[in-house]
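Written out below as structure tokens is the structure these notes cover.
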Amino acid sequence: EPEILEDFNKLVQREDPDIITGYNIDGYDMPLLEERMKFNKVRFSIGRDYISPRRIMDQYWRLHGRVIDDTWWEVRKVLHPKHETLNYVSNMLLNEGKEDVNRLDIENEWKNRRDDVIKYCIKDARLALLIYRKIRILDRNLYLSTVSMLPLDDVTNGGTSTYVDSLLIRRADRENIGVPMSSSKFSNDTYAGGYVHTMDPGLYDMIVVLDFKSMYPSMIIKYNICFTTLSPEGTIVAPNGARFLDPGVKKGIIPDLLEQLMKNRDEVKKQMKEDKSNHDYLDGLQAAIKVLMNTFYGVLGTSFYRFTNREISSAITAYARNTITSIIADLDKSGNKVIYGDTDSIFIESGKKTLDEAIEYGNRLSSDISRKENLVLEFEKIMDPLFSHGAKKRYAGKIVYPPSSAGEILVRGYETRRTDSFDLQSEALSTVFDLILSRDVEGAKQYAEDLVKEVATGKIDTSKLVISRSVKNFSTYKNAGSMANVNAAKKLIDAGETFIPGMKVSWIVTDAGKTPQAVEPFIDGRKFTHTPDYVYYSKRLQETLNRVLESLDKEIAVFKNPQSKITDAFEEKPKKRDIEDFFK
DNA sequence: TGCGTCTGCTTACCT
DNA sequence: ACAGGTAAGCAGACGCAT
């Protein structure tokens with residue numbers, strides 16, 4: 001073993017990589033290597049200066065001259081896949097899966113088919129690297145590194161507050177402004193956020209969507225919001241009562257920084273149009289600047305950051321709420337029909353018959369309001385039709401403008417967007433949306449009815465019933481034993497599989513009648529030997545589809561009373577007990 | 001004992 | 001360790017009727 005470990009050190013030094021990655025190396029390979037090196041008294045010398053990697057705050061690995069970047073964590077952060085296993089993610093992104101070796105019986109596998117095990121290990125490492133490249137993590141981090149003026153290591157491993165620190169402290173230092181070392185106290189009180197307009201159920205025609213460009217950064221700039229301008233003598237009075245100095249008296253460093261970033265971004269976007277050969281690089285830069293700008297508001301609102309200030313963060317959201325609600329009120333007053341809005345967006349029923357008229361309408365509103373408010377309210381898109389069942393943060397629409405995305409179906413919030421719904425549920429809802437948005441409500445009803453019936457009889461592929469959710473450390477739960485995801489994780493561990501707190505766990509419900517409902521873990525690549533509770537799945541499917549269809553037609557007979565209809569149609573009717581039964 | 005209703009907990013989503 | 005607002009599912013408590 002010492003020899004293998006020495007060879008590993010030499011390999012790293014010989015190949016001299018900038019980045020070291022793998023799937024869950026943070027939690028598995030690195031600790032294991034560290035432990036074996038220690039046991040065998042071999043120095044873990046893979047740094048560029050031959051120093052050993054160090055675990056920092058039980059969070060990441062620091063290695064001089066190289067960055068250790070776990071593909072698993074990056075996949076979770078940027079992809080939010082339904083399942084997090086290497087096999088699932090590589091199949092999804094690369095159409096290529098793991099080698100077939102039984103990891104739980106690795107001793108025998110190594111004895112009997114050594115070459116296959118070697119192939120398996122190499123494949124695992126290669127897949128992780130291919131995924132790492134495919135999702136362009138390095139590009140993204142390098143762009144952020146450039147615009148935040150941070151080393152790659154800090155961008156990869158640090159939080160977003162690191163980015164703001166980098167820009168803000170540099171700037172404060174230059175102007176001789178003192179900066180706190182850390183947050184003096186943990187702030188627990190909450191404050192109000194964005195405004196969300198209620199939406200009535202229905203199918204709407206020609207919906208024009210307007211969007212504020214960088215809403216929160218714009219508020220900060222417009223009202224000179226900063227910890228350097230917050231003062232009782234301030235003449236700019238925010239809706240929450242906070243007072244800020246006029247920029248003529250003193251310009252805040254946060255608004256100044258943001259203004260600069262906004263200008264830089266516009267400049268980069270302009271260059272992008274002129275210089276096609278550098279398009280991808282410039283696009284990466286402008287996207288990184290946007291990320292950076294939006295980070296400022298967030299970190300000001302956290303409970304522990306050095307620049308945390310509730311008066312400031314709530315002033316930002318209060319100004320934003322005031323802005324959007326007063327514009328909505330004005331629009332309503334002038335006869336425009338606002339049907340929805342969330343934080344920085346406004347959905348308006350244009351009432352126009354043709355696309356050209358609707359486009360003209362959108363452009364006019366956008367320029368009128370932008371001029372009046374001294375903000376940029378962009379005309380973003382038109383949807384025709386747009387569907388809502390009457391809930392906030394949930395809608396589905398067919399985009400008809402801009403031409404680049406015309407024809408696209410846009411869904412927000414619904415089960416089709418959620419990683420914890422089973423495939424059958426999302427696929428069926430997606431079909432229903434396709435039909436509804438082609439204005440075929442009758443067809444949608446028929447499809448839904450038939451499918452719900454069929455599922456109750458068990459005529460459905462088991463793989464379409466898998467539910468997946470993340471599971472935290474068991475001790476963080478008030479009542480861990482009553483939760484399906486936790487119970488699935490426990491059974492996963494019993495089956496000898498890996499469970500790491502925070503990861504997603506998959507299961508199938510086998511008996512929803514029990515409390516808590518009985519579940520069996522679904523393990524990728526292994527045959528599922530239990531029987532799903534088809535009636536449970538049928539009911540959930542019905543809830544999902546019914547919620548949508550009912551809002552368009554209150555008289556959907558079969559869907560009116562889910563429970564009884566399901567059992568009536570697909571199960572033996574529970575016999576009415578008559579008097580004889582009591583004597584049996 | 002059974003059923004409906006409400007509340008709390010939890011996750012994932014939207015902006 | 002970036003924010004608050006929101007929908008939805010499940011468990012458990014509670015009250016009411018049987």
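Labels below follow one simple rule: chain letters A, B, ... track the order of the sequence lines, proteins then strands, and each chain is numbered from 1.
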N/O donor to acceptor pairs below 3.5 angstrom from side-chain atoms of residues 140-151 of chain A, sequence neighbours left out:
unit_1: A/S145; atom_1: OG; unit_2: A/L150; atom_2: O; d: 2.5
unit_1: A/T146; atom_1: OG1; unit_2: A/L142; atom_2: O; d: 2.9
unit_1: A/S148; atom_1: OG; unit_2: A/L144; atom_2: O; d: 2.6

(request) Check whether any side-chain N or O of A/S345 sits under 3.5 Å from a backbone N or O of A/G341 as a donor-acceptor pair, and report yes or no. (result)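 Absent.
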Within less than 4.0 Å of OP1 or OP2 of [N], is there a side-chain N or O belonging to [X]?
X      : N      : result
A/Y340 : C/dT6  : no
A/K539 : C/dG9  : no
A/Y536 : C/dG9  : no
A/R469 : C/dG9  : no
A/R547 : C/dG9  : yes
A/H80  : B/dC14 : no

(message) Can you tell me which residue among A/Y195, A/Y216, A/F212, A/Y223 is in a ring-ring contact (aromatic ring centres under 6.0 Å, His included) with A/Y319?
(response)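 Among A/Y195, A/Y216, A/F212, A/Y223, the one meeting ring-ring contact (aromatic ring centres under 6.0 Å, His included) with A/Y319 is A/Y223.
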Without decimals, in angstroms, what is the distance between [X] [atom1] and [N] [atom2]?
X      : N      : atom1 : atom2 : answer
A/Y537 : C/dG9  : OH    : C1'   : 13 Å
A/D211 : B/dT15 : CG    : P     : 8 Å
A/K392 : C/dA8  : NZ    : P     : 13 Å
A/K77  : C/dC2  : NZ    : C1'   : 13 Å
A/D511 : C/dA11 : CG    : P     : 11 Å
A/K504 : B/dC13 : NZ    : C1'   : 11 Å
A/W507 : B/dT10 : CH2   : P     : 14 Å
A/Q517 : C/dA8  : CD    : C1'   : 14 Å

What pairs of residues pass the salt bridge (charged side-chain N to carboxylate O under 4.0 Å, His left out) test when at least one of them lies in [range], not counting sequence neighbours?
range                       : value
residues 379-392 of chain A : A/D384-A/R439
residues 154-169 of chain A : A/D165-A/R306
residues 411-421 of chain A : A/R394-A/E415, A/E415-A/R547, A/R418-A/D420, A/D420-A/R469

(message) By nearest atom, which of the nucleotides C/dT6, C/dA3, C/dA8 is closest to the A/Y191 side chain?
(response)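 Looking only at heavy atoms from C-beta outward on A/Y191, the closest nucleotide is C/dA3.
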(request) Side chain of A/T190 only, please: which of C/dG4, C/dA7, B/dT11 is the nearest? (result)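 When the side chain of A/T190 is considered, C/dG4 is the closest of C/dG4, C/dA7, B/dT11.
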(message) Near DNA chain B, counting only heavy atoms under 4.0 Å, which residues of residues 410-419 of chain A show up?
(response)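 Under 4.0 Å from DNA chain B: A/R412, A/G413, A/R417, A/R418, A/T419.
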(request) Please say whether more than 12 non-hydrogen atoms of neighbouring residues, nucleotides or ligands are located less than 6.0 Å from NZ in A/K222. (result)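 For A/K222, atom NZ is crowded (more than 12 foreign heavy atoms under 6.0 Å).
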(request) Please report the closest heavy-atom contact between A/R171 and A/I253, naming both atoms and the distance. (result)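 That would be CG-CB, 4.2 Å.
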(message) Ignoring hydrogens, what is the shortest heavy-atom contact between A/L292 and A/L261? Give both atom names and the distance.
(response)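 Closest approach of A/L292 to A/L261: CD2-CD2, 4.4 Å.
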At under 4.0 Å between heavy atoms, what does [X] touch on the DNA or RNA strands: base, sugar-phosphate, or nothing?
X      : value
A/G298 : base
A/F212 : nothing
A/H389 : sugar-phosphate
A/M215 : nothing
A/S470 : sugar-phosphate

(request) Assign the ring pair A/F347 / A/Y395 to parallel, tilted or perpendicular, where the plane angle (0 to 90°) is split at 30° and 60°. (result)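 Taking A/Y395 first and then A/F347, their aromatic rings stand perpendicular (interplane angle over 60°).
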(message) Does the structure place the NZ or CZ of A/K490 under 6.0 Å from the centre of the six-membered ring of A/F474, at an angle of no more than 45° from the ring's axis?
(response)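 Geometry flag: set, cation within 6.0 Å and 45°.
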Using atom names, set out every protein N or O paired with an N or O of nucleotides 12-16 of chain C below 3.5 Å, distance rounded to 0.1 Å.
unit_1: C/dG12; atom_1: OP1; unit_2: A/N479; atom_2: ND2; d: 3.3

